[in-house]
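Written below as structure tokens is the structure these notes are about.
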Amino acid sequence: MLRRFGATIAPDCTIRPTVHIEVPWLLEMDSGATLGDHAVVYNLGRVRIGKRTTLSQYAHLCAGSHDMTRADLPLLRPPITVGDDCWLAADTFVGPGVTVADGTVLGARSSLFTDTEPWSLYVGSPAKRLRARAKPAPAPT
């Protein structure tokens, strides 16, 4: 159904039935990407989710905000990019305009408002880099 509304979704993606996607034509999901139960993709701006990346239950990507420097608070639509081999654990939040680098793990209930470094673990609210993460060996074929 999402493809009928313009989403670009690889054939082997998993999208749980309770997921909320605001604007399907601004969503791109690469091979092996997963959206868990009750995940929210509030994609007023473009959202790209990379290969083998998982958004766990209740994860929230928010690609929309307002310009609070102006009295009329115009809508902003900064894109969100989540790289390959990432895991956004349960109940995480990623704010507008953020790039989540390849291999990032965002710990449960963490909130991310800035770009990440590749192959790193982030936790907290606001999320801070806790440590590097080893790049795993490729899965056997």
Donor-acceptor contact below 3.5 Å, side chain [X] vs main chain [Y]:
| X | Y | result |
| --- | --- | --- |
| Tyr122 | Glu117 | yes |
| Asp102 | Asp84 | yes |
| Asp12 | Gly32 | yes |
| Arg109 | Val123 | no |
| Ser120 | Pro118 | yes |
| Thr53 | Cys86 | yes |
| Thr34 | Thr54 | no |
| Asp91 | Ala108 | no |

What is the minimum heavy-atom distance between [X] and [Y], and which atoms define it?
| X | Y | value |
| --- | --- | --- |
| Cys13 | Asp30 | SG-O, 3.2 Å |
| Asn43 | Ala63 | CA-CB, 4.1 Å |
| Ala127 | Leu112 | CB-CD1, 3.9 Å |
| Arg52 | Asp85 | NE-OD1, 2.6 Å |
| Glu22 | Leu44 | CG-CD2, 4.0 Å |
| Gly50 | Ala33 | O-CB, 3.6 Å |

Side-chain heavy atoms under 4.5 angstrom apart, residues restricted to Ile, Leu, Val, Met, Phe, Trp, Tyr: same cluster for [X] and [Y]?
| X | Y | answer |
| --- | --- | --- |
| Ile49 | Phe5 | no |
| Leu106 | Trp119 | no |
| Val105 | Val98 | no |
| Tyr42 | Ile9 | no |
| Val23 | Leu76 | no |

Does [atom1] belonging to [X] count more than 12 external heavy atoms closer than 6.0 Å?
| X | atom1 | value |
| --- | --- | --- |
| Phe113 | CZ | yes |
| Arg3 | CZ | yes |
| Arg129 | CZ | yes |

Are [X] and [Y] side-chain neighbours, meaning at least one heavy-atom pair lies under 4.5 Å?
| X | Y | answer |
| --- | --- | --- |
| Pro96 | Ser65 | yes |
| Val47 | Leu26 | no |
| Gln57 | His38 | no |

Working for side chain to side chain contact (heavy atoms under 4.5 Å, CB included), residues Leu61 and Leu88: CA-CA 10 Å; Leu61 302 180; Leu88 307 184; 3.9 Å; yes
Atom OG1 in Thr99, atom CZ in Arg48: separation rounded to 0.5 Å? 10.0 Å
Quick one: do Leu27 and Val41 satisfy side chain to side chain contact (heavy atoms under 4.5 Å, CB included)? Show the steps, please. CA-CA 8 Å; Leu27 176 63; Val41 180; 4.3 Å; yes
Classify the ring geometry of His60 against Phe93: parallel below 30°, tilted from 30° to 60°, perpendicular beyond 60°. tilted
Are Thr104 and Thr116 close enough, and set up right, to give a side-chain hydrogen bond (donor to acceptor under 3.5 Å, both in side chains), and what steps lead you there? CA-CA 7 Å; Thr104 296; Thr116 65; 2.9 Å; yes
Check against side chain to side chain contact (heavy atoms under 4.5 Å, CB included), Leu75 and His66: CA-CA 5 Å; Leu75 182 64; His66 295 272; 4.0 Å; yes
Run the side-chain hydrogen bond (donor to acceptor under 3.5 Å, both in side chains) check on Ser56 and Trp87 step by step: do they pass? CA-CA 8 Å; Ser56 291; Trp87 175 29; 2.8 Å; yes
